[in-house]
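Scroll down for the structure; my scribbles are underneath it.
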Amino acid sequence: MDKFLFGQFQGLLKREVLEHRNLFIWAPVILGLLIFMIDFLVISSLDEDAKISFIENLARFFAGGSPLEMAPAFVFPTLPFLGILYICAILYLTNTLYQDRRELSVLFWQSMPVSNFQTVLSKLVAIMLIAPIFYVAVIFALYVIGILWLIISGLSYDIDVAGLGYMFLTATLSLPIVYLFTVTSALWLLPFIGWLLLFSAFANRTPLLWAIGALALILFLEGFIFRTQFISNWIETRSDIDNFLIVDYGGVFDRLFSYDMLIGLVVGSIFICGSVYMRRFVD
Amino acid sequence: MRELIKGKILKNRYTLLLTVLSAYIAVVVIEGAITGRAPDWLRFDNSLFTLDLRDLDELSEIDFDF
């Protein structure tokens with residue numbers, strides 16, 4: 001990719017982040033603040049002995065352990081962030097191309113030396129690769145603040161806090177797993193991403209309703225006319241969280257290099273290709 | 001081929017949508033038929049629980065008295 005194209009793409013990504021900073025930045029920050037406040041209130045409500053025993057137990061649990069082996073333990077506390085990321089992703093994908101047409105900014109972007117393919121690709125990269133970075137950064141900040149607070153509290157009670165250092169290492173090593181999980185799950189769910197983008201580019205109003213309605217209609221017609229359930233079965237296996245949940249580094253390769261991932265990428269590409277061509281119809 | 005794409009598929013947004021959805025259905029159905037994926041809506045199987053709705057025959061025998 002030459003320098004001009006790279007600069008163009010960087011500009012498109014910057015535009016996506018700036019236009020959707022509520023979903024990309026403020027949503028995880030507010031969730032992080034909420035979680036921190038709840039934790040703070042719960043721990044503050046403990047009496048002194050309970051606090052000492054809590055910090056001692058934490059330090060003892062992580063002391064001397066292998067941070068790499070214990071990292072999966074820190075994946076599960078990040079699930080609220082991942083839930084919010086998925087909700088924000090649905091909102092983003094259903095509105096992004098629709099909003100461009102509603103505000104007529106699509107005409108401006110089509111007058112620029114930027115192709116429809118580049119625009120759609122920038123939206124995909126923004127939600128699949130860039131948005132998780134902000135979420136992981138907020139989780140990291142939450143870990144740093146939380147563990148620093150535990151260390152300062154531990155030192156003030158004269159507790160051996162060496163184990164909390166291991167805890168910090170473990171938490172930090174879990175972050176790449178969380179990021180890889182979000183990226184791998186986004187690839188696994190590419191058909192859903194493409195589907196939402198397609199209807200975002202198609203619908204004149206209420207794109208989410210169109211996306212859900214069209215899916216329901218296809219499922220109904222398949223069952224009613226052909227008496228088969230291939231599509232419903234395919235959707236069921238694709239949306240089963242067991243098929244894309246990753247809690248360790250080994251799971252990433254198993255998920256990435258599989259036949260099911262490949263067929264998902266093929267189907268997702270059909271929808272994405274459709275949404276690129278759909279952008280030429282501006283009412 | 002180019003004429004078909006420009007004249008028919010890219011004629012308007014509805015023909016494009018129908019083409020994309022047809023391609024999607026064709027890929028999923030052909031892939032499902034080749035791999036022999038067994039359609040089974042009534043069975044929910046995951047790491048947390050397994051529920052087969054066909055085994056719930058006794059539900060019909062429950063007499064609700066309101």
Side-chain angles (χ1 to χ4, degrees), chain A residues 97 101 191-192 194-195 197-204 210-211 214-215 217-219 221-223 225-245 247 259-260 262-283, chain B:
Chain A
L97 295 174
R101 283 181 299 122
F192 293 111
W195 181 269
L197 268 181
L198 178 70
F199 283 94
S200 180
F202 169 78
N204 281 331
W210 267 98
L215 187 63
L217 185 69
I218 287 176
L219 293 179
L221 287 177
E222 191 205 2
I225 298 171
F226 300 109
R227 304 280 175 201
T228 60
Q229 292 177 325
F230 285 116
I231 297 171
S232 52
N233 180 251
W234 191 79
I235 292 168
E236 188 197 349
T237 51
R238 188 96 345 218
S239 53
D240 186 351
I241 194 163
D242 279 346
N243 289 332
F244 59 91
L245 181 67
V247 288
Y259 167 75
D260 286 326
L262 180 72
I263 196 75
L265 293 179
V266 170
V267 173
S269 306
I270 293 172
F271 293 137
I272 290 162
C273 190
S275 54
V276 170
Y277 279 105
M278 195 67 82
R279 258 178 81 83
R280 64 173 57 202
F281 301 112
V282 183
D283 299 329
Chain B
M1 188 67 181
R2 188 169 283 184
E3 282 300 308
L4 173 79
I5 292 171
K6 279 201 169 178
K8 301 279 181 195
I9 297 173
L10 295 177
K11 192 176 168 190
N12 59 46
R13 64 174 66 228
Y14 299 100
T15 51
L16 178 58
L17 183 72
L18 277 178
T19 309
V20 172
L21 295 185
S22 308
Y24 160 62
I25 291 167
V27 169
V28 172
V29 170
I30 291 168
E31 190 263 347
I34 291 170
T35 57
R37 196 189 304 116
D40 203 349
W41 247 140
L42 298 175
R43 188 178 163 83
F44 300 91
D45 195 3
N46 59 49
S47 60
L48 301 174
F49 64 88
T50 301
L51 174 67
D52 195 334
L53 291 178
R54 282 165 300 210
D55 293 341
L56 300 178
D57 294 339
E58 58 269 24
L59 270 181
S60 59
E61 293 163 14
I62 299 173
D63 187 19
F64 292 101
D65 187 16
F66 294 108

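We name chains A, B, ... by the order of the sequence lines, and we start the count at 1 in each one. Every heavy atom of this structure was used, including side-chain atoms; hydrogens, water molecules and symmetry mates were not.
Residue contact with chain B, scored on non-hydrogen atoms closer than 4.5 Å, is absent for A/Ile241. Both the backbone and the side chain of A/Ile270 come within contact range of chain B, with heavy atoms under 4.5 Å apart. For B/Leu21, the part lying under 4.5 angstrom from a heavy atom of chain A is the side chain only. Contact annotation for A/Ala201: only backbone heavy atoms (N, CA, C, O) come within less than 4.5 Å of a heavy atom of chain B.
Chain A forms the most heavy-atom pairs under 4.5 Å with one residue out of B/Val29, B/Thr19, B/Ile25, B/Leu10, and that residue is B/Leu10.
Ring-centre distance between A/Phe230 and A/Trp234: not below the 6.0 Å cut-off.
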Checklist entry - Hey, mind stepping through B/Tyr24 and A/Ile231 against side chain to side chain contact (heavy atoms under 4.5 Å, CB included) and telling me if it holds? => result CA-CA 9 Å; B/Tyr24 160 62; A/Ile231 297 171; 3.5 Å; yes
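Taking CZ of A/Arg279 as the start and CZ of A/Arg101 as the end, the distance is 9.0 Å to the nearest 0.5 Å.
Residues A/Met278 and B/Leu17 are in side-chain contact: their nearest non-hydrogen atoms beyond the backbone lie under 4.5 Å apart. Taking 4.5 Å as the limit, every side-chain heavy atom of A/Asn204 sits out of range of all side-chain heavy atoms of A/Trp210.
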